[in-house]
*Asks:* 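Dropping a structure here in structure tokens format, bear with me for questions.
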Amino acid sequence: MNISHDSAMRIVTEMSSVIGHDVNMMDDRGVIIASTDPKRLGTFHGGALELFRQELDELIVASDGEYPGARQGINLPVCFEGATVGVIGITGKGNEVQQYSQIIKKMTEILLLDSWGERQKQLRAAMWSQFMEE
């Protein structure tokens with residue numbers, strides 16, 4: 001499943017407003033597809049790619065630049081139907097953001113599931129409409 005830019009932006013904006021830290025979402029190539037820091041959109045995040053490659057449960061970046069394009073913070077896999085579909089990252093000092101990490105991960109997965117459900121509902125409505133027209 002690919003996460004749409006709109007869904008990803010909605011998720012990072014919601015999460016950031018709750019915790020007061022920048023939040024990013026990366027795809028399976030390590031590209032930042034959504035961020036509360038507009039300058040980071042479309043840039044590479046080496047920590048996210050490392051998390052994907054090694055299938056890690058979390059990746060803590062201790063300092064800016066530890067991984068190419070990564071800033072200090074924590075990164076977690078986002079799972080959908082048993083597969084990792086993205087990475088959610090929280091920028092900030094480890095002890096400040098660690099406390100939010102599992103909550104943000106679960107909430108992101110819930111919002112992703114909700115977004116997928118909405119898309120399915122729209123698809124069914126469009127199919128029904130087409131059927132009725134025919």
Side-chain angles (χ1 to χ4, degrees):
M1 171 188 194
N2 288 330
I3 304 170
S4 74
H5 172 73
D6 291 339
S7 293
M9 280 303 297
R10 188 180 115 217
I11 290 167
V12 299
T13 302
E14 290 291 327
M15 296 298 106
S16 180
S17 70
V18 171
I19 64 171
H21 289 275
D22 279 328
V23 177
N24 306 298
M25 188 170 295
M26 288 71 74
D27 66 12
D28 60 349
R29 297 171 297 137
V31 175
I32 299 175
I33 59 171
S35 179
T36 52
D37 180 352
K39 294 177 282 187
R40 298 194 70 192
L41 279 173
T43 64
F44 179 70
H45 191 291
L49 187 58
E50 187 70 18
L51 189 140
F52 262 103
R53 284 186 179 158
Q54 293 192 33
E55 299 178 4
L56 302 172
D57 291 331
E58 73 176 15
L59 180 84
I60 297 171
V61 178
S63 61
D64 291 357
E66 181 178 351
Y67 295 91
R71 293 189 182 158
Q72 183 179 27
I74 189 166
N75 300 279
L76 302 147
V78 176
C79 299
F80 183 78
E81 294 185 343
T84 301
V85 296
V87 174
I88 190 88
I90 309 167
T91 304
K93 293 183 180 176
N95 57 348
E96 292 175 4
V97 296
Q98 181 94 32
Q99 62 185 333
Y100 302 118
S101 63
Q102 290 304 314
I103 295 168
I104 296 299
K105 173 184 168 53
K106 288 296 177 194
M107 288 304 299
T108 299
E109 291 170 348
I110 289 167
L111 288 171
L112 187 59
L113 182 60
D114 181 56
S115 177
W116 179 81
E118 284 298 315
R119 280 196 303 253
Q120 293 302 308
K121 192 186 308 183
Q122 291 169 354
L123 183 59
R124 280 192 298 275
M127 289 171 54
W128 179 254
S129 177
Q130 184 178 359
F131 174 75
M132 294 304 288
E133 286 179 19
E134 291 177 5

*Asks:* If you measure from SG on C79 to NZ on K106, what distance do you get to the nearest 0.5 Å?
*Replies:*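 Result: 7.5 Å between the selected atoms.
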*Asks:* Working to the nearest 0.5 angstrom, can you tell me the gap between E96 CD and I19 CD1?
*Replies:*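 Output value for this atom pair is 10.5 Å.
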*Asks:* Just verifying a value: how many Å separate Y67 OH and L49 CG, rounded to the nearest 0.5 Å?
*Replies:*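 Rounded to the nearest 0.5 Å, the OH-CG separation comes out at 11.0 Å.
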*Asks:* To the nearest 0.5 angstrom, please state how far the CD1 atom of I90 sits from the NZ atom of K105.
*Replies:*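 Atom-to-atom, I90:CD1 and K105:NZ are 11.5 Å apart.
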*Asks:* Do the charged groups of R71 and D37 touch, with an N to O distance under 4.0 Å?
*Replies:*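 Looking at D37 together with R71, the answer is yes, because their closest N to O distance falls below 4.0 Å.
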*Asks:* Would the number of heavy atoms belonging to other residues, nucleotides or ligands and lying under 6.0 Å from CG of N95 be above 12?
*Replies:*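 Yes, enclosed.
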*Asks:* Any side-chain heavy atom of R40 within less than 4.5 Å of one from D22?
*Replies:*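 With C-beta onward as the side chain, the pair stays apart.
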*Asks:* Hey, does D64 have a side-chain heavy atom less than 4.5 Å from the side chain of Q72?
*Replies:*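 When only atoms from C-beta onward are counted, D64 and Q72 do touch, with a gap below 4.5 Å.
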*Asks:* Check for me, please, whether V78 and I32 land in the same ILVMFWY cluster - side-chain distances under 4.5 Å, paths through other members count.
*Replies:*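 As far as the 4.5 Å side-chain criterion goes, I32 and V78 are not connected within one cluster.
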*Asks:* Out of curiosity, does F52 fall in the hydrophobic cluster containing L76 (side-chain heavy atoms, cut-off under 4.5 Å, transitive links)?
*Replies:*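 No; tracing contacts between hydrophobic side chains, which count when under 4.5 Å, never links both residues.
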*Asks:* Kindly compute the distance separating CD (E14) from CE (M9), expressed to the nearest 0.5 Å.
*Replies:*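 Rounded to the nearest 0.5 Å, the CD-CE separation comes to 11.0 Å.
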*Asks:* State, with a plain yes or no, whether a side-chain heavy atom of I88 is found less than 4.5 Å away from one of V23.
*Replies:*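 The answer is yes; the side chains approach within 4.5 Å.
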*Asks:* Calculate, to the nearest 0.5 Å, the distance between atoms CG and CD1 belonging to L112 and I11 respectively.
*Replies:*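 L112 atom CG to I11 atom CD1 measures 5.0 Å (nearest 0.5 Å).
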*Asks:* So, do N75 and M26 sit near enough that their side-chain heavy atoms are less than 4.5 Å apart?
*Replies:*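 Heavy-atom side-chain distance check passes, below 4.5 Å.
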*Asks:* Check P77 against E58 and note the closest heavy-atom contact, atom names and distance.
*Replies:*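 Closest heavy-atom pair between P77 and E58: CD-N, 4.4 Å.
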*Asks:* Do you reckon V87 sits in the same ILVMFWY cluster as I33, going by side-chain contacts under 4.5 Å, direct or chained?
*Replies:*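 Unlinked, V87 and I33 end up in two clusters.
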*Asks:* Any chain of hydrophobic side-chain contacts (each under 4.5 Å) joining I74 to M25?
*Replies:*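 Yes.
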*Asks:* Which pair of heavy atoms, one from E66 and one from I60, lies closest together, and at what distance?
*Replies:*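 Where E66 meets I60 most closely, the heavy atoms are OE1-O, 4.3 Å.
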*Asks:* Search all heavy atoms of V12 against all heavy atoms of T36 and return the closest pair with its distance.
*Replies:*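 Answer, listing the atom of V12 first, then T36: O-CG2, 3.6 Å.
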*Asks:* Of all heavy-atom pairs between L111 and M15, which one has the smallest distance, and what is that distance?
*Replies:*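 Looks like CD1-CE, 3.6 Å.
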